[in-house]
Number of protein chains: 2
Amino acid sequence: MNSTGKLSIQKETAASGIKDTGDRHRAADDVFRYFAARINSGDLKDGEALPPEREIAETCHVSRTVVREAVLALSNKGLIEARPGFRPVVRKANYDTAFETLDSVVSRLLLQDGGVKNLFDTRIMVEASLARQAASSAQKDDLLTLRNALDANQDAIDDSEKFYETDTAFHAALYSIPGNPVFPAIHKAYTAWLSPQWSMMPRLPERNRLNYYAHKAIFDAILMRNQDAAEQALRIHLAAAWTQIEKTFADQM
Amino acid sequence: MNSTGKLSIQKETAASGIKDTGDRHRAADDVFRYFAARINSGDLKDGEALPPEREIAETCHVSRTVVREAVLALSNKGLIEARPGFRPVVRKANYDTAFETLDSVVSRLLLQDGGVKNLFDTRIMVEASLARQAASSAQKDDLLTLRNALDANQDAIDDSEKFYETDTAFHAALYSIPGNPVFPAIHKAYTAWLSPQWSMMPRLPERNRLNYYAHKAIFDAILMRNQDAAEQALRIHLAAAWTQIEKTFADQM
DNA sequence: TGTTTAATTTGGTCTGACCAAAACAGATTA
DNA sequence: TAATCTGTTTTGGTCAGACCAAATTAAACA
């Protein structure tokens, strides 16, 4: 029975005919697709655990080896969460974790020439856009959130550690205004990827104060519903930040 | 000698002490990190093939099983390219392929409520920003590229197949203006992820013509260096596209 | 020298085994 | 009865050795 097992799966996959175009057939891929489909279709719900590897192997008529490969692929692609030693659990599709799967590639991209600048420039563009949008359509509670973040920022001028947090929080508030969950995820990714540069920069109360003023200028422009001013204030703010980064890492870039 | 192999690696990893904080130790992770580091450091150059699995297993004092897991992880994260049956090859860090690693997660995200809209909204924001930037600082050759794309677009109005291509090309031209390689990659990702919706929409010469006029309006505004007009023209264009998408997929969203 | 053929390498898969941690069930105790 | 401890079973992580088919290389041949 076992000896015919392998053949049967090959027959099955051939019958399903998803990819019959002559290219190499890997059993692991089939298992991967099988579970990816079951997850996407909702057959396997969020938080639900996958069957044990041995069971999968039996039902799919493959060895545990290929099951492990498939599970690993599922995990690497963020479809499941496989903490070592635990049963893999279906993970709800989540914007935050989506960006996390980029970590290793991005860290490589940041290493190559101009990598950091390329990324930072996209950030400038995104935030400039967010600033405009905030100025044009921020709701009352959005403004309140911003104001609170700004105040917390001001209070932390003399505590560089705390200032960094409130700084991040202020920008985060900006990203949350559109109400689109993609943006907070983008912000999280930016802070994670650029934190190496940021955290190595000298932190001084004077500099904190300047940054606070920059934030205030952005906020004021948003409050005045002045899109152009908001964008400009933000660009000045981030341009200054970039100058700092450049100065700090002059040798490495 | 082999019997002591396993112990030696454990000793080694313990000695290196990268992660000694009590959490589970997976040999596969060690091998993964080892090669990720070698790739990032340039020790293994782009296009260079990894050693054969059996050799890695020997030099790292682990079984081929864990080598395979590590290689698979490397592949899934986009650090190497592992075509079935071939030696894995170090892949140059590349913005395009970075986004490709997101495919499976994104396809899941698009399935959930409002997923497509969330993504499309980010696209609107990005392109609005690009339009502004184009209007403010497009160079002569940028304008020429846009103009050519626009003309090709016009010529293809009666050929819906070709129109789709030239349409994409026009937007691509917009993404290439900043000269930041991240943007073309983003564009590629957008078209890949949203193509299912787009390709199922009815294509008619009248509609093509409307889209062409929309493109022309964007181009004209850019040519006039009118940022606000460029942004507005683009927003109108994409809003109309979204309306179409919504109409086509009314039942599924 | 170019082409065909045989030998070898190498990735993909299988089987069966072992270990340690996790999950489970049962006994023990408060 | 509820909480805690304990021993058994399950399960993931790893290993070893084997086989196959495709890919690579070496050899033989034309």
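Each chain gets a letter, A, B and so on, in the order its sequence line appears, and its residues count up from 1.
A cation-pi arrangement is absent between A:R203 and A:F163, since the terminal nitrogen or guanidinium carbon is not both under 6.0 Å from the aromatic centre and inside a 45° cone about the axis.
When side chains are defined from C-beta on, A:F120 counts as touching A:L238, because their heavy atoms get closer than 4.5 Å.
For B:D96, the salt bridge (charged side-chain N to carboxylate O under 4.0 Å, His left out) partners two or more places apart in sequence, or in a different chain, are B:K188.
Listed for the B:N180 side chain is a donor-acceptor partner under 3.5 Å among the backbone atoms of A:N118. B:E48 contributes a side-chain N or O that, together with a main-chain N or O of B:K45, makes up a donor-acceptor pair within less than 3.5 Å. Under the 3.5 Å distance criterion, the side-chain polar atoms of B:S75 are left unmatched by any main-chain donor or acceptor of B:V71.
At whole-Å resolution of the value, CD in B:E69 and C1' in C:dT13 are 14 Å apart. Protein atom CD1 of A:I56 is 11 Å distant from nucleotide atom P of D:dT11, rounded to whole Å. Straight-line distance from the CG atom of A:D29 to the C1' atom of C:dT13: 13 Å, rounded to whole Å.
Remark: DNA chain C takes part in the stems C:1-30 with D:1-30, each of 3 or more antiparallel Watson-Crick or G-U pairs, criterion distances under 3.5 Å.
Looking at heavy-atom distances under 4.0 Å, B:A28 makes contact with sugar-phosphate atoms alone, never a base.
Applying salt bridge (Lys or Arg N to Asp or Glu O under 4.0 Å) to B:R64 and the options B:E69, B:E55, B:E58, B:E53 leaves one that passes, B:E53. Screening A:L72, A:L50, A:V62, A:T59 against A:V67 for a side-chain contact (heavy atoms from CB on, under 4.5 Å) leaves a single residue, A:V62.
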Protein-nucleotides 9-11 of chain C N/O pairs under 3.5 Å:
from: C:dG11; atom 1: OP2; to: B:E53; atom 2: N; distance (Å): 3.0
from: C:dG11; atom 1: N7; to: B:R54; atom 2: NH1; distance (Å): 3.0
from: C:dG11; atom 1: O6; to: B:R54; atom 2: NH2; distance (Å): 3.1

